[in-house]
Amino acid sequence: MEIGEILQRHGFGFKKKYGQNFLTDGNLLRAIVSDAGVGEDTVVLEIGAGAGALTRALAERAKRVLSFEIDRTLRPVLAETLAGCENAEIVFRDFSRCDLAALEKELGEYVVVANLPYYITTPVVMRFVEEAQNCRGITVMVQEEVAERFAAQAGSPAYGAVTAAIARRGTCEITRKVPRTMFVPRPNVDSAVVRILFEEDRLPVKDPAKYRAVVRAAFVSRRKTLENNLMQAFGLSRVQARAVLAEEGVPEGARGETLTPEQFASLADRLSELLP
Ligand code: SAM
């Protein structure tokens, strides 16, 4: 049975405010599951079950799928589309309000796989990057522009605070581009699947909060030099800021966007010593 038909039969109306753009193409769904490296031992956390097309494709390969869905009107639809999927469970709740630490205790090691609602893409990904302990990877469909920001190289126009935050926890790459025509209803932009693989001690820093603060300072005003941004953010004198950057081998007048995540980590550690 076609998903469109099932939705229609249940009188379902798409809600723009929840970013409801559903996938239906079986090949694409299986490709996302494969990009995510899901296998028979994998526990998957999905955000936004929608009509359950991705949930079902995941459940066919995974050990367990736990999926959040904010829209309760999808309950009868999901009961039908996920009939017989014993290893898939839907929680009808706003994921942004869930207690991630408690959820992680229940899940053990897991990966996140989702076709994310566009209006919460960055906060959701940042939440895992900053707070998750048991997450091994995130494979998500996001707007193409956002995917490019996540996976950007230092010095490129798309490189920013989010890129550097992700790079502290893992590697990030775009696995496939997905045209807008693959979604129902069709959005105004193209999308891409992006995969973040978490690595233990990928960029160890003395104090993750200091790393965050350095990165924030570096990008707060892109037109200013890193020296000026550091002075303002950390209350350093010009002499101090210049000395710190010289010790890190950063050329005078450099802007934050030219530093690699490794350089931010080293700079954050130096500032942790200077300003404990
Ligand atoms: N996974 C489905 C698919 O690929 O066809 C649906 C993807 S659709 C882009 C995003 C889904 O996330 C929608 O069903 C929407 O209702 C749900 N959603 C939006 N905000 C949410 C939130 N805060 N918590 C949980 N689900 C949410």
Side-chain angles (χ1 to χ4, degrees), residues 1-8 10-36 38 44-62 65-82 85 88-100 102-103 107 111-128 131 138-147 175-195:
M1 174 84 51
E2 277 265 335
I3 279 192
E5 275 175 55
I6 299 176
L7 290 169
Q8 215 174 11
H10 288 280
F12 176 77
F14 288 97
K15 294 169 197 71
K16 215 172 172 179
K17 67 171 177 177
Y18 290 148
Q20 291 178 338
N21 300 99
F22 294 174
L23 294 172
T24 55
D25 184 272
N27 288 333
L28 174 59
L29 291 160
R30 282 186 291 276
I32 297 171
V33 177
S34 152
D35 286 353
V38 172
V44 180
L45 173 62
E46 185 191 18
I47 294 123
L54 181 57
T55 319
R56 200 178 175 95
L58 287 164
E60 279 164 9
R61 292 271 293 275
V65 183
L66 182 72
S67 184
F68 278 71
E69 176 51 60
I70 199 170
D71 185 354
R72 286 165 195 272
T73 70
L74 283 162
R75 195 188 281 274
V77 173
L78 285 161
E80 191 171 334
T81 56
L82 297 180
C85 283
E89 184 190 339
I90 309 290
V91 179
F92 287 95
R93 270 179 59 194
D94 178 349
F95 175 74
S96 325
R97 290 168 179 268
C98 91
D99 177 343
L100 186 57
L103 183 63
L107 291 175
V111 297
V112 175
V113 186
N115 170 19
L116 283 177
Y118 73 93
Y119 75 104
I120 49 166
T121 301
T122 303
V124 166
V125 170
M126 287 306 285
R127 190 165 182 211
F128 287 104
E131 296 174 30
I138 305 178
T139 303
V140 282
M141 176 91 74
V142 298
Q143 290 179 43
E144 191 174 359
E145 191 188 305
V146 175
T175 57
R176 66 189 64 244
K177 304 241 171 131
V178 180
R180 63 194 79 183
T181 49
M182 299 301 282
F183 299 84
V184 182
R186 186 184 295 191
N188 293 326
V189 290
D190 294 320
S191 290
V193 177
V194 70
R195 179 180 56 208

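Positions are given from 1 along the sequence. Just so you know, ligand 1 is whichever comes first in the structure, and atom 1 is the first atom listed for that ligand.
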A.B. asks: Run the numbers for me: atoms of ligand 1, each under 4.0 Å from some heavy atom of Ser96, listed by number.
C.D. replies: 23 (N)
A.B. asks: Regarding atom 17 (C) of ligand 1: of the candidates Met182, Arg97, Glu69, Arg72, which has the closest heavy atom?
C.D. replies: Glu69
A.B. asks: Taking C-beta and beyond as the side chain, do Val125 and Leu116 meet within less than 4.5 Å on heavy atoms?
C.D. replies: yes
A.B. asks: Tell me the protein heavy atom at minimum distance from atom 19 (C) of ligand 1, and give that distance in Å.
C.D. replies: Tyr18 O, 3.2 Å
A.B. asks: So is Ala53 close enough to ligand 1, meaning a heavy atom under 4.0 angstrom away?
C.D. replies: no
A.B. asks: So, Arg56 side chain and Cys85 main chain: donor-acceptor pair closer than 3.5 Å or not?
C.D. replies: no
A.B. asks: Could you tell me the separation between the CG atom of Leu74 and the CZ atom of Phe22, rounded to the nearest 0.5 Å?
C.D. replies: 5.0 Å
A.B. asks: Counting non-hydrogen protein atoms only, what is the nearest one to atom 2 (C) of ligand 1? Give residue, atom name and distance.
C.D. replies: Ala49 O, 3.3 Å
A.B. asks: Using heavy atoms and a threshold below 4.0 Å, how should the contact between Ala51 and ligand 1 be classified: side chain, backbone, both, or neither?
C.D. replies: neither
A.B. asks: Does any N or O of ligand 1 fall below 3.5 Å from an N or O anywhere on Ile70, backbone included?
C.D. replies: yes
A.B. asks: Within the distance-only criterion (no hydrogens, no angle test), does the side chain of Glu69 pair as donor or acceptor with the backbone N or O of Phe92 below 3.5 angstrom?
C.D. replies: no
A.B. asks: Any nitrogen or oxygen of Leu23, main chain or side chain, under 3.5 Å from a nitrogen or oxygen of ligand 1?
C.D. replies: yes
A.B. asks: Can you check which of Gly19, Pro117, Gly48, Gly50 brings a heavy atom nearest to atom 8 (S) of ligand 1?
C.D. replies: Gly19
A.B. asks: With distance as the sole test, does Ser191 use its side chain to make a donor-acceptor pair with the main-chain N or O of Met141 at under 3.5 Å?
C.D. replies: no
A.B. asks: Under the salt bridge (Lys or Arg N to Asp or Glu O under 4.0 Å) definition, can you give me all pairs with a residue in residues 180-192, not counting sequence neighbours?
C.D. replies: Arg180-Asp190
A.B. asks: Just let me know how Thr55 lines up against ligand 1, side chain, backbone, both or neither, with a heavy-atom cut-off below 4.0 Å.
C.D. replies: neither
A.B. asks: Enumerate the atoms of ligand 1 whose separation from the nearest heavy atom of Arg93 is less than 4.0 angstrom.
C.D. replies: 24 (N), 25 (C)
A.B. asks: Starting from atom 23 (N) of ligand 1, find the nearest protein heavy-atom neighbour and note its residue, name and distance.
C.D. replies: Asp94 OD1, 2.8 Å
A.B. asks: Please identify which atoms of ligand 1 are closer than 4.0 Å to at least one heavy atom of Glu46.
C.D. replies: 1 (N)
A.B. asks: Looking at Phe14, is its backbone amide N or carbonyl O close enough to the side chain of Lys16 to form a donor-acceptor pair, meaning the two atoms are under 3.5 Å apart?
C.D. replies: no
A.B. asks: Phe95 heavy atoms, cut-off 4.0 Å: which ligand 1 atoms fall inside?
C.D. replies: 22 (C), 23 (N), 24 (N), 25 (C)
A.B. asks: Determine, using heavy atoms of Tyr119 and all atoms of ligand 1, whether some pair is separated by less than 4.0 Å.
C.D. replies: yes
A.B. asks: Quick one: do Thr139 and Val111 satisfy side chain to side chain contact (heavy atoms under 4.5 Å, CB included)? Show the steps, please.
C.D. replies: CA-CA 8 Å; Thr139 303; Val111 297; over 6 Å; no
A.B. asks: Which residue from Thr73, Asn21, Leu54, Asn115 reaches closest to atom 4 (O) of ligand 1 through any of its heavy atoms?
C.D. replies: Asn115
A.B. asks: Hey, can you tell me if Phe95 and Phe128 have their rings parallel, tilted or perpendicular (30° and 60° cut-offs)?
C.D. replies: parallel
A.B. asks: Are Asn115 and Ile32 close enough that some pair of their side-chain heavy atoms sits under 4.5 Å apart?
C.D. replies: no
A.B. asks: Ignoring angles and geometry beyond distance, decide whether Leu74 reaches within less than 3.5 Å of ligand 1 through its nitrogen or oxygen atoms.
C.D. replies: no
A.B. asks: Please verify whether a non-hydrogen atom of Lys15 lies at under 4.0 Å from ligand 1.
C.D. replies: no
A.B. asks: CZ of Phe183 to OG1 of Thr24: how many Å apart, nearest 0.5 Å?
C.D. replies: 10.0 Å
